[in-house]
Amino acid sequence: MNAMVCSALVLAGLSVEAREWVNGGGKTNPKASYKTEAGDCTTPTAQFDMEINNVRSRLLTGGDAWWNLSEARYEVPKGDGTGASLNALFAGAIWISGYDAGNNLKVAAQRYRQGGDDYWPGPVSAGGTVDKATCNKYDRFFNVLGSDIEKAQTAFLTKGSSTSIADIPKGLLAWPAKGNPYLSTDPSLIGETFIVNDNLAPFKDVDNDGIYNPVKGDYPVIPCRNGEAEAYGDQMVFWVFNDVGNQHTESNGQSIGIQVNALAFAFQTTDDVNNMTFYKYQIVNKSSNQLFQTYISQWSDPDLGCFSNDAVGCDIERSLGIVYNRTSPDIDCQGVAGYGTELPLIGIDFFEGPLSDSGEQLGLSSFVYFTNGASFAQSDPASAAQYRNYQTCLWADGTPFTEGGTGYNSGGPSTCFLFPGNPVNSGDWSEMQSSVANQLQAGDRRMVQTSGPFTLKPGEPQYVTVGVVFVRPTGGVGLPPNFATTIGPADDKAQALFNTCFKLVDGPAAPTLHIRELQNELIINLINEKGSNNEGEKYDQVDGGVAQAIYSDLGGVGDSTYTFEGYKLYQLANPRVSATE
């Protein structure tokens with residue numbers, strides 16, 4: 001499944017392409033009953049770039065991403081800083097809404113911070129509250145590189161119990177995982193001492209003692225709901241935020257009492273994965289109240305180069321929201337660089353959503369767009385109720401989505417998915433369909449991808465995992481774009497990676513050769529060292545792409561693993577024989 005939630009921020013008074021909401025309105029007062037107590041936290045300020053591969057993705061601690069509070073900061077392809085940057089997303093954030101036992105609507109969301117904030121940094125206490133000191137302390141990011149994890153693992157596998165702090169890179173020592181002893185004793189790691197008693201940053205607990213200690217072989221990982229978490233990215237960035245740090249002045253909704261443990265990660269590869277970024281959110285209800293009919297959304301404001309000629313659509317089967325240009329070339333506009341004639345596509349995949357009350361994966365339940373500056377019904381939300389409407393297959397004014405046309409009062413049957421067609425097919429319902437294009441001009445689109453409903457119970461975490469997929473083939477994707485042959489195959493790679501808990505498939509590690517020379521004879525022992533992925537000659541790795549094909553095409557029947565079978569030894573005629581020969 002695929003989903004993504006992010007939000008955009010734009011400060012009042014800034015004249016940056018006017019991409020923030022142009023119809024900013026008044027506020028409504030939240031109800032008082034079942035109120036979650038708000039803290040005294042101030043607006044978060046920390047920002048950080050994840051940039052290990054061909055993407056430079058800006059992260060913020062206020063529940064939003066992909067902008068610097070005034071300009072787009074999702075740069076792909078990543079430049080060297082000497083020329084104009086090309087950005088494909090302007091902002092994004094997670095939206096969460098539901099009803100308490102008193103039937104009061106509660107909403108936590110974020111967009112451009114024009115009205116204020118709904119999220120603040122830091123974990124929530126067992127009593128469901130957070131104070132300014134905690135918010136300020138966690139207004140930061142925790143960054144670790146895969147190369148540092150490999151260095152620490154090599155030291156541990158080589159030295160065992162004699163591994164020391166000197167063998168462990170700083171990123172692993174400063175990882176805010178449960179019980180990390182170095183955060184509480186060494187303020188030089190992150191500027192102050194930390195005591196982490198709760199489950200925050202995820203880690204592989206090698207000795208199963210429940211405490212993170214990198215000297216004992218523990219290391220940061222990508223959490224996996226259905227399986228043992230062992231994989232890690234080439235870069236992983238952790239932060240934590242909540243919705244009780246203060247009053248909700250962005251959505252004007254009542255606080256829920258949630259804590260979100262967020263992990264962004266990326267991989268440095270030579271294929272399409274090098275143009276992808278991934279985001280996993282662990283959402284925990286820290287209040288004592290259940291939240292009923294809960295929905296979680298990934299909101300995004302894509303600006304694919306120039307923001308004024310964007311179009312959107314969705315691939316329901318892939319749970320993929322897709323953004324493309326309606327015109328070529330994609331020109332520069334208002335100081336923002338366009339992609340020119342080599343048009344790209346970008347998509348947000350909702351890989352994993354919450355579990356239903358019966359324990360089943362809910363998947364993507366709706367996809368909707370709205371447009372900056374459009375009429376009230378199809379523009380940015382201005383109240384908690386309007387945020388909720390966009391999550392539940394309703395326009396801002398409460399009108400149901402309908403098939404055909406723009407999706408608003410089209411006369412067609414009700415639907416929860418707008419523009420699900422492939423633009424290259426003239427008969428499919430998309431923005432490129434002539435009847436739609438005549439009614440809906442290209443513009444500054446936003447997207448909302450939603451999963452629900454379910455009950456958010458106290459203390460029971462729910463996970464959302466989303467990925468951003470970007471393709472820009474030589475010569476461009478063409479107009480109208482063909483989703484099936486361009487972004488579809490790239491997204492299948494992303495889905496295959498998710499299927500294996502983001503564990504890249506490595507071949508069996510080369511064995512160590514111990515050679516004994518005798519007269520007219522060599523005795524060769526092939527040894528797979530301890531810690532090798534073929535230790536005991538038991539290599540057995542799942543290929544995510546094969547697994548996905550088995551699941552979708554073969555009904556779950558088939559062999560999706562690569563299993564070690566044996567060695568091949570070659571005797572060469574002379575030392576000059578090359579590998580290709």
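Along the sequence shown, residues carry numbers from 1. Note that this is a predicted model, so its numbers are computed, not measured.
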Q) Distance from Ile190 atom CD1 to Asn143 atom CG, nearest 0.5 Å? A) 13.0 Å
Q: Would you check if the side chain of Thr277 reaches a backbone N or O of Ala266 as a donor-acceptor pair within less than 3.5 Å?
A: no
Q) What distance do Leu59 atom CG and Phe141 atom CZ have between them, rounded to the nearest 0.5 Å? A) 5.0 Å
Q.
Keeping Asp167 on the side-chain end and Ser164 on the backbone end, is there a donor-acceptor pair under 3.5 Å?
A. yes
Q. Going by heavy atoms in the side chains, are Ser451 and Leu364 under 4.5 Å from each other?
A. no
Q) Would you say the side-chain atoms of Asn389 pair up with the backbone N or O of Leu394, donor to acceptor, closer than 3.5 Å? A) no
Q) Roughly how far, to the nearest 0.5 Å, is NZ of Lys159 from OG1 of Thr154? A) 11.5 Å
Q. CG/Asn252 to OG/Ser383 distance, rounded to the nearest 0.5 angstrom?
A. 8.0 Å
Q: Step through it carefully: locate the ring centre of Tyr387, locate the ring centre of Trp95, and say whether they are under 6.0 Å apart.
A: yes
Q) Between the side chain of Asp310 and the main-chain N/O of Leu304, is any donor-acceptor distance below 3.5 Å? A) yes
**Q.** Nearest-0.5 Å distance that lies between atom CG in Asn54 and atom CD in Gln268
**A.** 10.0 Å
Q: Give a yes or no on whether the backbone of Gln290 and the side-chain of Asn285 come within a donor-acceptor separation of less than 3.5 Å.
A: no
Q) Side chains of Ile256 and Leu291: does their closest heavy-atom pair fall under 4.5 Å? A) yes
(Q) Keeping Asp444 on the side-chain end and Asn372 on the backbone end, is there a donor-acceptor pair under 3.5 Å? (A) no
Q. In terms of side-chain geometry, is the basic nitrogen of Arg225 or Glu352 positioned less than 4.0 Å from the acidic oxygen of its partner?
A. yes
Q: Go through the steps for Tyr279 and Ser57 under the test side chain to side chain donor-acceptor pair (under 3.5 Å), then give the verdict.
A: CA-CA 11 Å; Tyr279 309 83; Ser57 173; 2.8 Å; yes
Q | Atom NZ of Lys216 with >12 non-hydrogen neighbours under 6.0 angstrom | A | no
Q) Picking from Trp239, Phe194, Phe241, what satisfies ring pair (Phe, Tyr, Trp, His ring centres under 6.0 Å) with Tyr138? A) Phe194
Q) Does NZ or CZ of Lys280 come closer than 6.0 Å to the centre of the six-membered ring of Phe265, within 45° of the ring's axis? A) no
Could you pull out every donor-acceptor pair under 3.5 Å between side chains of residues 452-461 and any protein atom, sequence neighbours left out?
unit_1	atom_1	unit_2	atom_2	d
Thr455	OG1	Asp357	OD1	3.4
Thr455	OG1	Asp357	OD2	2.9

Q.
Between Ser356 and Ser358 (side chain of the first, backbone of the second, donor and acceptor by atom type, cut-off under 3.5 Å), is there such a pair?
A. yes
Q. Hey, do the aromatic rings of Phe307 and Phe90 have their centres closer than 6.0 Å?
A. no
Q. Hey, is the main chain of Asp209 close enough, under 3.5 Å, to the side chain of Asp205 for a donor-acceptor pair?
A. yes
Q: Identify which one of Trp299, Phe401, Trp395, Tyr390 satisfies the ring pair (Phe, Tyr, Trp, His ring centres under 6.0 Å) criterion when paired with Tyr369.
A: Trp395
**Q.** Pair Lys286 + Asp198: basic N to acidic O under 4.0 Å
**A.** yes
(Q) For Ser85 and Glu75: C-alpha separation, side-chain torsions, deciding distance, then whether side chain to side chain donor-acceptor pair (under 3.5 Å) applies. (A) CA-CA 6 Å; Ser85 63; Glu75 185 181 357; 4.6 Å; no
(Q) What I want to check is whether the side chains of Asn289 and Ser287 have a donor and an acceptor closer together than 3.5 Å. (A) no
Q. What is the distance from atom CD1 of Ile258 to atom CD of Gln462, rounded to the nearest 0.5 Å?
A. 12.0 Å
Q: In plain terms, say whether Asp64 and Arg113 are close enough for a salt bridge, that is, a side-chain N and a carboxylate O under 4.0 Å apart.
A: yes
Q. Are any side-chain N or O atoms of Thr392 and backbone N or O atoms of Arg388, one a donor and one an acceptor, separated by less than 3.5 Å?
A. yes
(Q) Between Asp491 and Gln495, does the side chain to side chain donor-acceptor pair (under 3.5 Å) criterion hold? Intermediate values first, please. (A) CA-CA 6 Å; Asp491 185 62; Gln495 183 68 49; over 6 Å; no
Q: Could you tell me whether a side-chain N or O of Asn68 sits under 3.5 Å from a main-chain N or O of Arg58, the two making a donor and an acceptor?
A: no
Q.
Is it the case that over 12 heavy atoms from other parts of the model lie below 6.0 angstrom from the NZ atom of Lys78?
A. yes
